[in-house]
Amino acid sequence: MAETTQPVTMETIVSLCRRRGFVFPSSEIYGGLGSTYDYGHYGVLTKNNIRSLWFRTMVQERDDIVALDSAIILNPRVWEASGHVAGFTDPLVDCRTCKLRFRADQLDQASCGRKPSKRPGETPDCDLTEARQFNLMFETHVGALQEESSAAYLRPETAQGIFINFKNVAQLARRKPPFGIAQFGKAFRNEITPGNFLFRVREFELMEVEFFVPPPDAPKWHEYWIEQRLGWHRGLGLRDENLRVREHDENERSHYSSATSDIEYLYPIGWGELEGVANRGEYDLTQHTQHSGTKLEWIDPDGNRYTPYVIEPAVSIERIFVALLCDAYHEEVVGDRERVVLRLHPKVAPVKAAILPLIPRDEGMATRARSLYEELRRHHVVEHDEGGQIGRRYRRQDEIGTPWAFTVDEQTLEDETVTVRDRDTLAQERLPISGVRAWLDDALERDWSSPQSD
Ligand code: GAP
């Protein structure tokens, strides 16, 4: 195999996603809507895998975290108490000449609307307004009347739904600090400069844990969660050289944070935040106690009261999705043919195996392939593909990251065996058709690390 891979670009990933039906621009037939995307079949399957792996690690395999699914639209007072109405803002400048909007604190990364080789403000034609604070929350109205009293917000984070339920969960889940509440779901932010594909979008799916701890233990738990989450991303197959931890400067932290570290990934656009792990201290529970009048505190068996501190690992599926695709993308020449292969962790790959009759019009092969497919699909997402030459079918599967292909051929008709082809090594071996299900179950449980680390 000859390597042909150049460093992957975001355009390459966008084009693969489009070509293979992972992700498309949203509302395309109406000209799109800036930086919103729709997920096709393979995109949905991949997102489902990311979400369920997260849930498995953060909830199912732990004793100290329980799940929650709170509403997207909350009482607007929640966002006053949380500080989002006053403080969830970015500084915005408009250019009166090119009519584009920029983040005032990121002008050095933006391009002038008329002369993209220059930064906004660098040409004599640029006419920038003074910076003003722009709130990133989307406003909506609850009820039939569009009057101020019915104004509400689409949640910009799932975390607040957790804090306002602290008392309910602490009482009902029979947990004591340290314990956590996990929630995933859509979040919405009216980003001034969305872009770089799914990296910064206005609608995304957050996965967050609020982990409540006795205050003196907060620094220890902060370190613990940074390590845990870094290990989780590594376990998904992201290569070590593309991951790092960066601590926020004091002036970079969110209004609620007393310490934050980002787990960063080396995206094609440079190092960028993959997941944030923040020490939110007692900020949120205290704010909601003051604004709601309901005491959100912990009372231990001796009657001592305290407000737990909160450690929060928070990540979007979108940031993971892009990182995984960039990390997995590979081009190489096999024989005299080029192939694109997505070396995704088998647990993340949208399709776990393809079942391919070598000669689809051969009834014996077609029947066996179909029945193997029907057996496997009851347990895993698998595909039956009989369209086109076998080489093309393999390449189609390589491009969507299918780790294994089972091929039913002439020999199957003689001895009831099939070949299994490995996506990464291209090695082939024969297996009894009756053992394929157990083989696949077992293969999916094996340790895996990216062959691209070598
Ligand atoms: N509750 C804490 C919180 O929301 P954040 O750093 O603003 O913190 C958490 O966001 C995570 O959400 C980030 O680490 C990133 O993974 C993801 N994220 C934030 N803004 C995003 C956007 N516009 N598009 C996609 N993902 C985003």
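Indexing begins at 1, ligand by ligand and atom by atom, following the structure's order.
Set against the non-hydrogen atoms of Arg200, the atoms of ligand 1 under 4.0 Å away are 22 (C), 23 (N), 24 (N). Listed by number with element, the atoms of ligand 1 under 4.0 Å from a non-hydrogen atom of Glu275 are 14 (O). Interface atoms of ligand 1 facing Glu157, defined by a heavy-atom separation under 4.0 Å, are 1 (N), 2 (C), 3 (C), 4 (O). Each of the following atoms of ligand 1 lies closer than 4.0 Å to a heavy atom of Glu191: 20 (N), 22 (C), 23 (N). Close approach of ligand 1 to Glu208 (heavy-atom distance below 4.0 Å) involves ligand atoms 1 (N), 2 (C), 3 (C), 4 (O). Taking every non-hydrogen atom of Gly276 and a distance limit under 4.0 Å, the qualifying atoms of ligand 1 come out as 14 (O). Set against the non-hydrogen atoms of Leu206, the atoms of ligand 1 under 4.0 Å away are 9 (C), 11 (C), 12 (O).
Judged purely by distance below 3.5 Å, without hydrogens or angles, the side chains of Ser15 and Thr12 never pair a donor atom with an acceptor atom.
For the ligand labelled ligand 1, residue Ile320 lies outside the 4.0 Å heavy-atom shell. Note on ligand 1: Glu210 sits outside its first shell, no heavy atom being nearer than 4.0 Å.
Annotation: Glu318 places no N or O atom under 3.5 Å from an N or O atom of ligand 1; distance criterion only. Distances between N or O atoms of Val201 and those of ligand 1 include at least one value under 3.5 Å. For Leu274, a nitrogen or oxygen atom sits less than 3.5 Å from a nitrogen or oxygen atom of ligand 1, counting backbone and side chain alike.
Of the candidates Phe321, Phe22, Phe24, Phe321 is the only one forming a ring-ring contact (aromatic ring centres under 6.0 Å, His included) with Tyr39.
Under the 30°/60° scheme for interplanar angles, the aromatic rings of His84 and Trp79 are found to stand perpendicular. Using the six-membered ring where Trp is involved, His345 and Trp448 have ring planes that are tilted, between 30° and 60° apart. Ring-plane geometry between Tyr37 and Phe197 is classed as perpendicular, the angle between the planes exceeding 60 degrees on a 0 to 90 degree scale with a lower cut at 30. Note: Phe184 and Phe55 have perpendicular aromatic rings, judged against thresholds of 30 and 60 degrees for the angle between ring planes.
Between Glu157 and Arg189 there is no salt bridge, since none of the side-chain N atoms of the basic residue sits less than 4.0 Å from a carboxylate O of the acidic one. Under the 4.0 Å criterion applied to side-chain N and carboxylate O atoms, Arg244 and Glu264 are assigned as salt-bridge partners.
Contacts with ligand 1 closer than 4.0 Å are made by side-chain heavy atoms of Glu312 only, the backbone lying farther away. Only the side chain of Arg280 comes within 4.0 Å of ligand 1, counting heavy atoms alone; its backbone N, CA, C and O stay farther away.
The nearest heavy-atom contact from the protein to atom 8 (O) of ligand 1 is Tyr256 OH, 3.7 Å. With respect to atom 26 (N) of ligand 1, the closest heavy atom belonging to the protein is Ser316 OG, 2.9 Å. Protein heavy atom nearest atom 25 (C) of ligand 1, with residue, atom name and distance: Phe199 O, 3.3 Å. Of all protein heavy atoms, the one closest to atom 11 (C) of ligand 1 is Ala314 O, 3.6 Å.
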Between Thr36 and Glu203, does the side-chain hydrogen bond (donor to acceptor under 3.5 Å, both in side chains) criterion hold? Intermediate values first, please.
CA-CA 7 Å; Thr36 47; Glu203 175 182 336; over 6 Å; no

Working note: Tyr394 + Arg421, criterion side-chain contact (heavy atoms from CB on, under 4.5 Å); need CA distance, chi angles, decisive distance, verdict.
CA-CA 9 Å; Tyr394 282 143; Arg421 169 191 182 267; 3.4 Å; yes

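Residue Arg189 holds the heavy atom nearest to atom 4 (O) of ligand 1 of all those in Arg189, Gln160, Glu264. Residue nearest to atom 6 (O) of ligand 1, selected from Glu205, Glu203, Glu273, Arg319: Glu273 (by heavy-atom distance).
A donor-acceptor pair is defined here as one N or O able to donate and one able to accept, closer than 3.5 Å; such a pair exists between the side chain of Arg119 and the backbone of Ala110.
In this structure, Asp447 places its CG atom where only 12 or fewer heavy-atom neighbours from other residues, nucleotides or ligands lie under 6.0 Å away.
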